[in-house]
Number of protein chains: 2
Amino acid sequence: MTESLEPHRRTAWRAYIEASQRLFTQLEDDLRAASDLSFADYHVLVLLSEAPGQRLRMGELASRLVFSPSRLTYQISSMQRRGLVAKQACPEDRRGSEAVLTAAGLLTLREAAPHHLASVRTHLMDDLDDDEVAALTRIFDRLGRRLRAERSPHPSES
Amino acid sequence: MTESLEPHRRTAWRAYIEASQRLFTQLEDDLRAASDLSFADYHVLVLLSEAPGQRLRMGELASRLVFSPSRLTYQISSMQRRGLVAKQACPEDRRGSEAVLTAAGLLTLREAAPHHLASVRTHLMDDLDDDEVAALTRIFDRLGRRLRAERSPHPSES
């Protein structure tokens, strides 16, 4: 069902989509086994840990995660129940709210990170030579920039 | 939180994971808008359409999709309700069951495929030069083969 892609490109697309889905499932299985976190939980913890004051507005977080507002609300509520994040009104805008990393969230991330990175290295990165690392960066850096630019006028429609 | 990866590899990993998540969200949004299918629905339709007799055992389908048995049951039930697939006992093993593509499922796939491929080309493939296509194939073909080999002793534990 991919007849309209030239054969080499069809092969590349299929290899990429199938291996990536398999990789993400494997990484998430490893994360859950070692740290009881989903891929989305981990990504939220990383984004908050790197933000100034370890906090982000919900809209910004939704756009970084490419989550719809309802999916983000569900995600953050689940992490709140587990004590990993707190939610509070924005200091500069009372109608907005932001997600704040808790100390428990930071400690969970610090404990999970080495396991997760070992799994990223084992399953993907240690197998790549320097040229492949450079190709990966070139392709996906460009793709990420293009997709962010295409989506940015409608961040809440995702 | 990726300190234990050498900086160039950390950049490559982040570019890949972030752009890929964004791409899959975009492709799924496009699929839903054009055809009311999720990414998983589409993938099931493609796999069944390419299988002999347009049917696959549930275990084989779960392993190809990297779905747990319960996630696959949920996925196939949802597609059954929409008339896209049927489920029946395996002719050669009455205890097993298989998913069968219906005519409506095939027609839905045929209608969805050109839109989906256009979206794959627009967002990713048309922007890659031949060297990048070759790199993508090399990296992800090797990754896919390695992950399948690692997982194959325990296909039902995913």
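A, B, ... follow the sequence lines: proteins, then strands. Residue 1 opens every chain.
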Requested in this report: Before giving the answer on side chain to side chain contact (heavy atoms under 4.5 Å, CB included), spell out for A:R121 and B:L5 the whole-Å C-alpha distance, their side-chain angles and the decisive distance to 0.1 Å.
Outcome: CA-CA 8 Å; A:R121 291 185 58 162; B:L5 267 176; 3.5 Å; yes
Check each atom of [X] against the heavy atoms of chain A and say whether the ones under 4.5 Å are side chain, backbone, both or neither.
| X | result |
| --- | --- |
| B:D129 | backbone |
| B:L45 | neither |
| B:R146 | side chain |

Query raised in the report: Is B:M79 linked to B:M58 within one hydrophobic cluster, defined over Ile, Leu, Val, Met, Phe, Trp and Tyr using a side-chain heavy-atom separation of less than 4.5 Å?
Result: yes
Query raised in the report: If two hydrophobic side chains count as joined below 4.5 Å and joins carry through other members, does B:L37 share a cluster with B:V100?
Result: no
Taking atom [atom1] of [X] and atom [atom2] of [Y], what is their separation to the nearest 0.5 Å?
| X | Y | atom1 | atom2 | value |
| --- | --- | --- | --- | --- |
| A:H8 | B:L128 | NE2 | CG | 14.0 Å |
| A:L147 | B:R22 | CG | CZ | 7.0 Å |
| B:L136 | A:R14 | CG | CZ | 14.5 Å |

Query raised in the report: CG of B:D36: more than 12 outside heavy atoms within 6.0 angstrom?
Result: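 No, CG of B:D36 has 12 or fewer neighbouring heavy atoms, counting only those of other groups under 6.0 Å.
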Requested in this report: Would you mind telling me which of A:D141, A:L124, A:L27 has the largest number of heavy-atom pairs within less than 4.5 Å of chain B?
Outcome: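 Top count of heavy-atom pairs under 4.5 Å with chain B: A:L124.
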Query raised in the report: In terms of heavy-atom pairs under 4.5 Å with chain A, which of B:A134, B:A118, B:S20, B:A112 leads?
Result: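 Result: the option with the highest number of such pairs is B:S20.
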Query raised in the report: How about A:Q21 and B:H43: does a side-chain donor come under 3.5 Å of a side-chain acceptor?
Result: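 No, B:H43 and A:Q21 have no side-chain donor paired with an acceptor closer than 3.5 Å.
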Report task. Without swapping roles, check the side chain of B:R142 against the backbone of A:D127 for a donor-acceptor pair under 3.5 Å. Result -> yes
Testing the basics here: between [X] and [Y], what is the closest heavy-atom pair and its distance to 0.1 Å?
| X | Y | value |
| --- | --- | --- |
| B:A135 | A:A135 | CB-CB, 3.8 Å |
| A:A15 | B:T137 | CB-O, 4.4 Å |
| A:M125 | B:R9 | O-NH1, 2.6 Å |

Query - Residue pair A:Y16 / B:V133, side-chain heavy-atom distance below 4.5 Å - result: no
Query - A:T11 side chain reached by B:F140 side chain, heavy atoms, under 4.5 Å - result: no
Query raised in the report: Is there a side chain to side chain contact (heavy atoms under 4.5 Å, CB included) between B:E18 and A:R64 once you walk through the steps?
Result: CA-CA 9 Å; B:E18 291 183 13; A:R64 299 281 293 276; 5.8 Å; no
